[in-house]
Amino acid sequence: MPALSAQYSPKDHEQSVYKKWEDSGAFQPNEELLKQGKKPFVVMLPPPNITGVLHMGHALQDTIMDILVRWHRMKGEPTLWMPGTDHAALPTNKIIVDQLFAEGKTKEEIGRAAFIEKTEKWYEKTGAQILNQMKRLGASCDWTRNRFTMDTKYVQAVNETFLSYYKKGYIYRGARIVNWDPKTQTTVSDLEIEYKTEKAPLYTFRYGPFEISTARPETKFGDKYVVMHPDDPRYAQYAHGDTFTAPWINGDITATVIKDESVDMKFGTGVMTITPWHDLTDFAIAERHNLGMEQIIDFNGKLLPIAGEFAGMNIAAARPKIAEKLESLGLLISVDAKYQHNVALNDRGKGVIEPQVMRQWFVDMSKLKEEAIAAAENDQIRFIPPRWKSHFIDWMEHVHDWNINRQIWLGHRLPVWWKKGTHGTDQEDGNFVVSSEKPEGDYEQDPDTLDTWFSSSLWPFATLGWPDATDDLRNYYPTSVLVTAREILYLWVARMIFSGLELVHDIPFRDVLIHPVVLAKNGQRMSKSLGTGIDPIELIEAHGADATRFGLMHQMSFDMQQMKFDPEAIRAAQNFANKLWNIARLLDELKDRRQEGAADMWIRARAYQVSQEVGAMLAAYKIGEAARLLQDFVWYEFADWYLEIVKKEGSTAVARAVFADIIKMLHPFMPHITEVLWEHAGNSELLITSPWEFAEYAVSQEAIDTMRVFQSVVTAVRSARIVFGIPMGSVVEIYSDASLPMPETLEALARVHIVAEAGGRMRSYPLSTGGVIMLYAAEITEEALKKGRDRLNTRAQTITAKIQATQQIIESMRGRAPEEKVQEKQNELARLQQQLQDIDMSRGLLK
RNA sequence: GGGCGAUUAGCUCAGUGGUAGAGCAAUUCGUUUACACCGAAAAGGUCGGGGGUUCGAAUCCCUCAUCGCCCACCA
């Protein structure tokens, strides 16, 4: 057994330990256990973007998953953690387009095939580096099952899904208003839009007999409907369908009055004109009343010929000019320059969204949502923390149909084939075939690709081989728990739930565990541009993977919505790892001793208790609580008290056995160092697959009482030293009536010499367990005595106050509170009175 | 506009009805058989404000304030 170095150096062990695990096959689910009928534990890695870099959010999420996975593996369950990556169409598309731009080319110039080829090369080059970063953290994924959303097999699943939805009538093609991003030239889903508040002048114009307000005059060319609330008394004289002629930007137009309840009577004049082609609510009104609609702005954000003299202008540039023209026509009534409104931006690339009416593919959500809502409502799927359940149900109930095609080249092509030349024309109806194979005849594939979330919604089962009835699918579906951030609760989690229920006829996962968002310590988002980002790999290199994991867990609780990350926690965890290391060193040095004492019984009972608590906490996903409990137990009970005792007396065999249990309990949290120390202790089997079992040990009240007295004596002596000014280094004599527990250890730990008979100047000091300790020290100065008196006087005052308060409480409790509560209080009062007595006695001896 | 969360020691946070806890930082002391990435001791808080329920509130209820997030969306 080679001696351990004085400090734990993670770098020397992490990679080799990881290799041992991987070579052992421990990361793969144990087929034997599966055959025995053991219920498997399965987690799907939320697939990170293949070209992504590990950030603190990943580190937190991956640590949570790894802890659960390692714990269940040790509990003897066949355990599968399925890794993989997502093709991340939009961000990768942008990267490739930017690359081409740098080369002075456009994607149109090189063509679709060359573009895809370039993308594949890019994936190959940068691909999966994020998975290697996960390995640095110690993630025990089954890498033999690694999946990518663009795998041939996965593409089949995507096509199958489209076909299946289409056959059932869930997928339809329709002209609907969608979020168009002129910058990236694609549609964007509602969920991927962010709103930014912006100041923009709000113009009020005369529109026939009405006044209307708008922040976007450039959309108003085609407005020929004026809408008001049917109950608005101001406009009672106008009937739905009335028409009138009004002078407008490019001459007179005929407008029609529409009454619709969606109009807010309190806003402005309570009247508005609508632009259905470029506004979501206007579109809804137009649909309700079957109104005509017209495109004003093209797909590049420029005005169309309907704008007359403004045609071809960029909307931003045209806006003030149009307002000017209306003013010159005498139609401008007022301008509110301080007006604020929300501008819709694409999350990716921040292009300003211009809603457009386009023929698009949609998934009808009305049927799909039903089962998903039911699964949440009857707790087939549980949300942790539970408050997300109602959020999920609420969102699901109000979900809109899902626009699933995107106008980019990168991604899964739609399995849709158009008769040549019909796509995008008014000849579309009846001229397409939905099939994964190209049909006979003159057909060309739909140029669009599917929303990335369409494919990732299949992740829990497509990775297991669906649509084929594979062994993996049979064995590992549904999965056990999904660990995720709340920002993709709707975007991804909700979609996995309804697609799993629809396609595999079962929930995709039992529990949804939603972890907090990791923020910088000052509460800001972690971002490179703000300089608030922290690279987990740097943390691993500086402090070790185990410290990074443990520090994160020590700080985390699932009750939090956000976690202000303090890197100090990682440093503290590194100290803890070093502590473990040095405990092992101490145990190496101790000579064997087998006589068991009170301390041994106490620590064994405590270790068993802790193992039970940790198990219960992990089962309830209270990972942070478990980490904190373990650290406190190891440091403040096992190391600070028990090991100090075992240096002098007690059983080293017990010490080693308890430490082995500690190592085992800590393994899910700090896998590398525990594995190293496990091997160092002479175990031939790997810890990663060792059973999560602990020797049961009954709590002996006698041992616990002995320990409490012992601790109080040690603490009292230490305090008395300070109070009386006796140097820590020196030995003091204390008087014993021979009832002090563990006298030899006491002498060593408290630096005292126990004498049978008192002599010289006696001093006394109260014990927290009741009673006083008598000590003899020749050289106590008058000054120290005064200090001691002051100190005891203060304590006496505090206790007296407490006694009075407690007496009052007992008085007021009488007859109102339950009897046992009163009894509890009275016991407390007795303890306080005893303490006061002890202090008084000590004070009496301080002459 | 609707909702969720947070507000406790200088900082990051535990603490779901019984007189407030930890880590880090700061203070004092200490190197006897692991660890200075250590040990010991002491200090530090009217638990965001106000009101209520209760014998008793950091904890339950109401209200206000501040911060953060989510959803809807303003013509």
Side-chain angles (χ1 to χ4, degrees), chain A residues 4 6-8 190-191 195 202 212-216 219 227 262-264 267-275 279-282 339-342 344 385 387-388 390-391 394-395 398 486-487 489-490 516-517 519 521-525 543 547 554-557 559-569 571-591 624-625 628 631-632 636 639-640 643-644 647-648 714-715 718-719 721-723 727-729 731 748-749 751 791 801-802 805-806 808-817 821-822 824-825 828:
Chain A
L4 298 176
Q7 287 187 353
Y8 172 57
D190 293 346
L191 291 169
Y195 290 93
L202 180 73
I212 56 146
S213 297
T214 182
R216 301 201 55 192
T219 64
V227 190
S262 67
V263 177
D264 179 2
F267 187 94
T269 56
V271 182
M272 63 181 192
T273 61
I274 55 168
T275 314
D279 186 282
L280 274 72
T281 37
D282 292 1
Y339 181 70
Q340 302 222 331
H341 73 150
N342 288 331
R387 61 173 178 270
W388 296 109
S390 56
H391 285 229
D394 196 49
W395 183 80
H398 298 108
R486 67 152 189 276
E487 60 189 14
L489 183 60
Y490 309 130
V517 175
L519 300 177
K521 189 179 167 181
N522 62 9
Q524 281 182 304
R525 287 179 66 92
H543 307 288
H554 196 268
Q555 221 193 19
M556 185 205 62
S557 153
D559 293 329
M560 317 196 238
Q561 280 194 162
Q562 65 223 20
M563 167 171 152
K564 284 183 245 170
F565 174 68
D566 187 352
E568 195 53 45
R571 213 175 61 89
Q574 184 187 6
N575 295 353
F576 181 51
N578 197 51
K579 189 79 184 173
L580 291 172
W581 188 258
N582 276 287
I583 290 171
R585 283 183 71 205
L586 173 65
L587 291 176
D588 284 353
E589 284 176 24
L590 289 179
K591 293 231 163 54
E625 288 86 338
R628 277 169 247 145
Q631 176 169 329
D632 288 353
Y636 306 121
D640 284 352
L643 285 180
E644 292 304 328
K647 283 177 184 175
K648 269 285 166 204
V714 173
T715 308
R718 285 168 176 165
S719 297
R721 275 178 187 284
I722 300 266
V723 169
M728 281 303 207
V731 174
L749 252 188
R751 295 286 286 165
R791 174 76 189 282
K802 279 191 180 182
T806 310
Q808 274 179 16
I809 289 168
I810 291 172
E811 216 38 60
S812 58
M813 275 172 101
R814 252 181 235 298
R816 288 175 245 207
K821 289 272 185 186
V822 178
E824 217 174 85
K825 266 289 153 199
E828 197 183 311

Steps toward side chain to side chain contact (heavy atoms under 4.5 Å, CB included) verdict (Glu487(A), Val517(A)): CA-CA 9 Å; Glu487(A) 60 189 14; Val517(A) 175; 5.6 Å; no
Considering only the [atom1] atoms, how many Å lie between [N] and [M], rounded to the nearest integer?
| N | M | atom1 | value |
| --- | --- | --- | --- |
| rA65(B) | rG49(B) | C1' | 7 Å |
| rG39(B) | rA34(B) | P | 13 Å |
| rU59(B) | rU16(B) | P | 12 Å |
| rA20(B) | rU46(B) | P | 12 Å |
| rA26(B) | rC62(B) | P | 43 Å |
| rG52(B) | rG17(B) | C1' | 16 Å |
| rA25(B) | rG44(B) | C1' | 12 Å |
| rA14(B) | rG23(B) | P | 16 Å |

Going from [atom1] on [X] to [atom2] on [Y], what distance comes out if it is rounded to the nearest 0.5 angstrom?
| X | Y | atom1 | atom2 | result |
| --- | --- | --- | --- | --- |
| Glu625(A) | His554(A) | CD | NE2 | 11.0 Å |
| Trp388(A) | Asp394(A) | CH2 | CG | 12.5 Å |
| Arg585(A) | Gln7(A) | CZ | CD | 9.0 Å |
| Asn575(A) | Leu580(A) | CG | CG | 11.0 Å |
| Leu749(A) | Asp640(A) | CG | CG | 10.0 Å |
| Ile583(A) | Asp588(A) | CD1 | CG | 12.0 Å |

Residues Lys579(A), Gln631(A); criterion side chain to side chain contact (heavy atoms under 4.5 Å, CB included); working and verdict: CA-CA 10 Å; Lys579(A) 189 79 184 173; Gln631(A) 176 169 329; over 6 Å; no
First encountered from the 5' end of RNA chain B, between Arg387(A) and Lys564(A): Arg387(A)
Residue closer to the 5' end of RNA chain B, Phe576(A) versus Met563(A) (nearest nucleotide): Met563(A)
Nearest whole angstrom, please: distance from the [atom2] of [N] to the [atom1] of [X].
| X | N | atom1 | atom2 | answer |
| --- | --- | --- | --- | --- |
| Gln555(A) | rA6(B) | CD | P | 16 Å |
| Leu4(A) | rC37(B) | CG | P | 18 Å |
| Asp559(A) | rA14(B) | CG | C1' | 11 Å |
| Asp588(A) | rU33(B) | CG | P | 18 Å |
| Arg721(A) | rA42(B) | CZ | P | 14 Å |
| Tyr195(A) | rC69(B) | OH | C1' | 17 Å |
| Asn582(A) | rA36(B) | CG | P | 7 Å |
| Trp395(A) | rC71(B) | CH2 | P | 10 Å |

Distance-minimising heavy-atom pair for Ala584(A) and Leu4(A): CB-CD1, 3.7 Å
Phosphate-side-chain proximity, Tyr8(A) and rC35(B), N/O vs OP1/OP2 below 4.0 Å: no
Check against side chain to side chain contact (heavy atoms under 4.5 Å, CB included), Arg721(A) and Arg751(A): CA-CA 10 Å; Arg721(A) 275 178 187 284; Arg751(A) 295 286 286 165; 3.2 Å; yes
Could you please name the option among [options] that lies closest to any side-chain atom of [X]?
| X | options | answer |
| --- | --- | --- |
| Leu586(A) | rU33(B), rC37(B), rA75(B) | rU33(B) |
| Thr214(A) | rG68(B), rA75(B), rU12(B) | rA75(B) |
| Asp640(A) | rA34(B), rA40(B), rA75(B) | rA40(B) |
| Ser719(A) | rA40(B), rA34(B), rA42(B) | rA42(B) |
| Gln561(A) | rG5(B), rC71(B), rU12(B) | rG5(B) |
| Arg628(A) | rU33(B), rU12(B), rA14(B) | rA14(B) |
| Lys579(A) | rC37(B), rA75(B), rA34(B) | rA34(B) |
| Leu590(A) | rC38(B), rG3(B), rU33(B) | rU33(B) |

Consecutive-pair stems (at least three Watson-Crick or G-U pairs, under 3.5 Å) that include RNA chain B: B:1-7 with B:65-71, B:10-13 with B:21-24, B:27-30 with B:38-41, B:48-52 with B:60-64
Which part of the nucleic acid, if any, lies within contact of [X], taking any heavy atom under 4.0 Å across all strands shown: a base, the sugar-phosphate backbone alone, or nothing?
| X | value |
| --- | --- |
| Glu625(A) | nothing |
| Ala584(A) | nothing |
| Val263(A) | base |
| Thr715(A) | sugar-phosphate |

Show each protein N/O and nucleotides 19-29 of chain B N/O combination with a separation under 3.5 Å, one pair to a line.
| unit_1 | atom_1 | unit_2 | atom_2 | d |
| --- | --- | --- | --- | --- |
| rU19(B) | OP2 | Lys825(A) | NZ | 3.4 |
| rU19(B) | O4 | Lys802(A) | O | 2.2 |
| rU19(B) | O4 | Thr806(A) | N | 2.9 |
| rU19(B) | O4 | Thr806(A) | OG1 | 2.4 |
| rG23(B) | OP1 | Tyr636(A) | OH | 3.1 |

Whether Trp395(A) and Tyr490(A) hold their rings parallel, tilted or perpendicular, with breakpoints at 30° and 60°: parallel
By side chain to side chain contact (heavy atoms under 4.5 Å, CB included) - contacts of Thr275(A) (at least two apart): Thr219(A), Lys220(A), Asp223(A), His278(A), Asp282(A), Ile296(A)
Pair of N/O donor and acceptor under 3.5 Å linking rA34(B) base with Gln7(A) side chain: no
